[in-house]
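For reference, the structure discussed in these notes is given below.
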Amino acid sequence: MNKTGLKMCAMLLPLALTACSDKSGGGDAKVIEKPEIKIENGMLTPEVLEAFGRVAEATPSPDGTRIIFTLTYEDIEENKGNSEVYIMDADGKNMQRLTKTASSESNLQWIEEGKKIAFLRHDDKSDATQIFTMNADGSQQKRISDVKNGIECFKISPDGKHVVYASAIDDYNKNDSTLFKDLPKTTGRVIDDLGYKHWDEWVTKIPHPFVAELDGELKNAKDIMAGEPFECPVRPFGGAESFAWSPDGKQLVYVSRKLKGMDYVFSTDSNLYLYDLASGKTEQLTKEGFPGYDTDPAFSPDGKQLAWLSMPTAKYESDKKRLMVMDMQSRQTRDLTENWDYWPEQIAWAKNGASIWFTGYYQGTAPVFTIDVKTCAIDTIATGQCDYAGVVPVADNAAIALRHSMREPNEIYLVAKDQNKALTEVNKELLGQLKLGEVNKVIVPTTDGGQMTCWEILPPDFDPNKKYPAILYCQGGPQQAVSQFWSYRWNFMIMAAHGYVVIAPNRHGVPGFGTAWNRQISGDYGGQNMQDYFAATDYIKSRPYVDADHVGAIGASYGGFSVYWLAGHNNGRYAALVAHAGIFNVEAQYLETEEMWFADFDLGGPYWDKENATAQRTYANSPHRFVNEWQAPMLITVGELDYRILASQGMQAFNAAKMHGLEAEMLVFPDENHWVLKPQNAILWQRTFFRFLDKYLKVQK
């Protein structure tokens, strides 16, 4: 469930780009370009928010002289977005556009020593996503795969001779054909085990890893997990980071959670497997002592060591991530971060193999770090009031990374110990026309004697002599950091632009403040973290520029749970509440969600276990038990494709509010999951959000 907070901050980039003449891919469909947008009075509106360019996949060439990346723009009328491939010199100069198609390009990789680029694109002829290649100048774009069910992600071996790719196969758990005889129009599914749906889809297919020879095109593809009813990469968010080639291209490490049914939905035990191309044999690398998630494998440049991220606790998907290194000859392992109370979010070996680069949440931001593989000494390379992501070393002492903050979306940066340079400014022109709010770091004492880092966001043209309505932001996850993220929905700049002061606390239960602070929330829903929200609320209400009678609370996922819980316990603190995809009935959530390990661990166990004090405390604090205390108007939004927290949770809350006599509204999206992704749906969500808050939090003159 922590993945629901999953990087709401999509990455972004600049313009003034040279379009190439290639029009392959996407047929006659419209090619989405940079939108024309009119800014009025510097106001950040939902339409303007959709107009930002979104930068991702910054990938340096093997010699470090060039960088390729994707740049995505959305088209409100077409109700979709489209990403294209761009290239620039390593210093950010000579930026050019390499593709111009109606089909998004992704999964960028340099091949043939930087002479060519491989990527994914939907292919009209096969009606599936396939691997394409092109020269580094964008010419000679060519499809090199023809996989029936398409390709989800891929990684080419360092020697260029093989490629591993993920493609969906039919789930091995098939229905009894005798039941369906003579019933060609039936839509029924017979279910006899758990794990029948995940995230936003019914599980009828699972991804498998295939290894193929690469000689101008893919040949002799082999399913290296043939006959195994397990998935690789792990659903729903696993991708090419699940694969790691040895430098000589003779071995492949992949990530899989080899479990099914009841075992699958109650376990986070993914493992690393080593596949040898010559023998066809597979070895499980992570066994005893690795009961949780093991992910993100990466070979050292000399192939003698393997690094990866590992969680030590079963079922606890938000556990500390250990940076592990295995000696590939002896199979002995070391935890490089054993004595560090924080953890990496991604890893990449330095060119010389002496250190590993990573980002990680630290005191409310996400800096860039390196760790010495021998001494385990950690050095901070780049920090500030911002977040870094996607770090890729280009030299022993330098890397490129994506950087964003609450005030601006992603740009590509060069980071080094004594240098931090922007290489792109995709959204500079747009940002320069907007009036943005200031972001201040404040420390608020908690009731248990702690010190809580909060972000206070002020409206543009802030006047300390005026009175502003305010909003408490409740984070999801629940173990998701309130760092310097940029979001296209829960965007603090658009809230500030609408005249609101925002307080965003890093309450107990979020990473970046040590393992004890992060772990506190599990088994304590409705406990200390809710007292933290009250502390943050009381702090912001005490500011002389805040209208204390017009403060609201908003949040999604666990943030939605928080809003429902606060609704029944707030003693009149809030004048309006907004909950998206939140847990209302915790007992129902235990049985409804698809990743049941989360509910079992974080809620403390099943509600029928009357001897389990932790579980009974959790269920006694379920928001649905306190509807009689609800007083404030409430807006509830849900997506009907959300299988993480079912839309019925929000519908129950809406029904309860109306039956309790409260003013309430509900916005339902039949075609959205846990997130609201389609451009027109996103704009409708923002319009509904601000119409509701303005109605109840702004004093009518």
Between [X] and [Y] (salt bridge meaning N to carboxylate O under 4.0 Å), is one present in this structure?
X      : Y      : value
Asp694 : Lys698 : yes
Arg543 : Glu456 : no
Glu217 : Lys142 : no
Lys34  : Glu84  : no
Arg403 : Glu411 : no

As a quick check of understanding, evaluate side-chain contact (heavy atoms from CB on, under 4.5 Å) for Tyr468 and Asp463, giving each step before the final call.
CA-CA 9 Å; Tyr468 296 90; Asp463 183 348; 3.7 Å; yes
Trace of the side-chain contact (heavy atoms from CB on, under 4.5 Å) decision for Thr637 with Thr688
CA-CA 10 Å; Thr637 65; Thr688 305; 5.6 Å; no
To the nearest 0.5 angstrom, please state how far the OG1 atom of Thr65 sits from the CG atom of Asp63.
3.5 Å
Could you tell me whether Phe485 and Phe492 have their ring centroids closer than 6.0 angstrom?
yes
Taking the six-membered ring for Trp, are Trp685 and His580 parallel (under 30°), tilted (30 to 60°) or perpendicular (over 60°)?
perpendicular
side-chain contact (heavy atoms from CB on, under 4.5 Å) partners for Ala653, two or more places apart:
Tyr564, Phe584, Trp630, Ile636
Pick out which of Lys30, Lys80, Lys678 makes a salt bridge (Lys or Arg N to Asp or Glu O under 4.0 Å) with Asp75.
Lys30
Just checking, any donor-acceptor pair under 3.5 angstrom between side chains of Tyr488 and Glu74?
no
Side chains of Thr359 and Glu345: is there a donor and an acceptor less than 3.5 Å apart?
no
Main chain of [Y], side chain of [X]: is a donor-acceptor contact present, judged purely on distance under 3.5 Å?
X      : Y      : answer
Gln385 : Lys441 : no
Asn82  : Ser104 : yes
Thr99  : Thr101 : no
Trp455 : Val482 : yes
Asn491 : Met493 : yes
Glu105 : Arg121 : no

Could you walk me through whether Gln96 and Asn94 pass the side chain to side chain donor-acceptor pair (under 3.5 Å) check?
CA-CA 6 Å; Gln96 292 183 314; Asn94 299 319; over 6 Å; no
With side-chain contact (heavy atoms from CB on, under 4.5 Å) as the test, would you mind laying out the steps for Gln363 and Asn506 before giving the verdict?
CA-CA 9 Å; Gln363 300 296 317; Asn506 277 280; over 6 Å; no
Of the non-hydrogen atoms in Pro459 and Val501, which two are nearest, and what is the gap between them?
CD-CG2, 3.8 Å
So which heavy atom on Ala496 is nearest to which on Leu458, and how close?
CB-O, 3.6 Å
Non-neighbouring partners of Arg687 that pass salt bridge (charged side-chain N to carboxylate O under 4.0 Å, His left out), sequence neighbours left out:
Glu47
Test Ile400 against Tyr413 for side-chain contact (heavy atoms from CB on, under 4.5 Å), laying out the working first.
CA-CA 6 Å; Ile400 63 167; Tyr413 273 70; over 6 Å; no
If you look only at distance, which donor and acceptor atoms sit under 3.5 Å apart when one is on a side chain in residues 236-243 and the other is two or more places apart or in another chain?
residue : atom : partner : partner atom : Å
Glu241  : OE1  : Gly239  : N            : 3.3
Glu241  : OE2  : Gly239  : N            : 2.8
Ser242  : OG   : Gly239  : O            : 3.0

Walk me through whether Ser145 and Gln130 qualify under side chain to side chain donor-acceptor pair (under 3.5 Å).
CA-CA 6 Å; Ser145 69; Gln130 305 288 355; 2.7 Å; yes
Determine the sole option in Gln475, His674, Arg644, Gln480 for which the side chain to side chain donor-acceptor pair (under 3.5 Å) test with Ser557 is passed.
His674
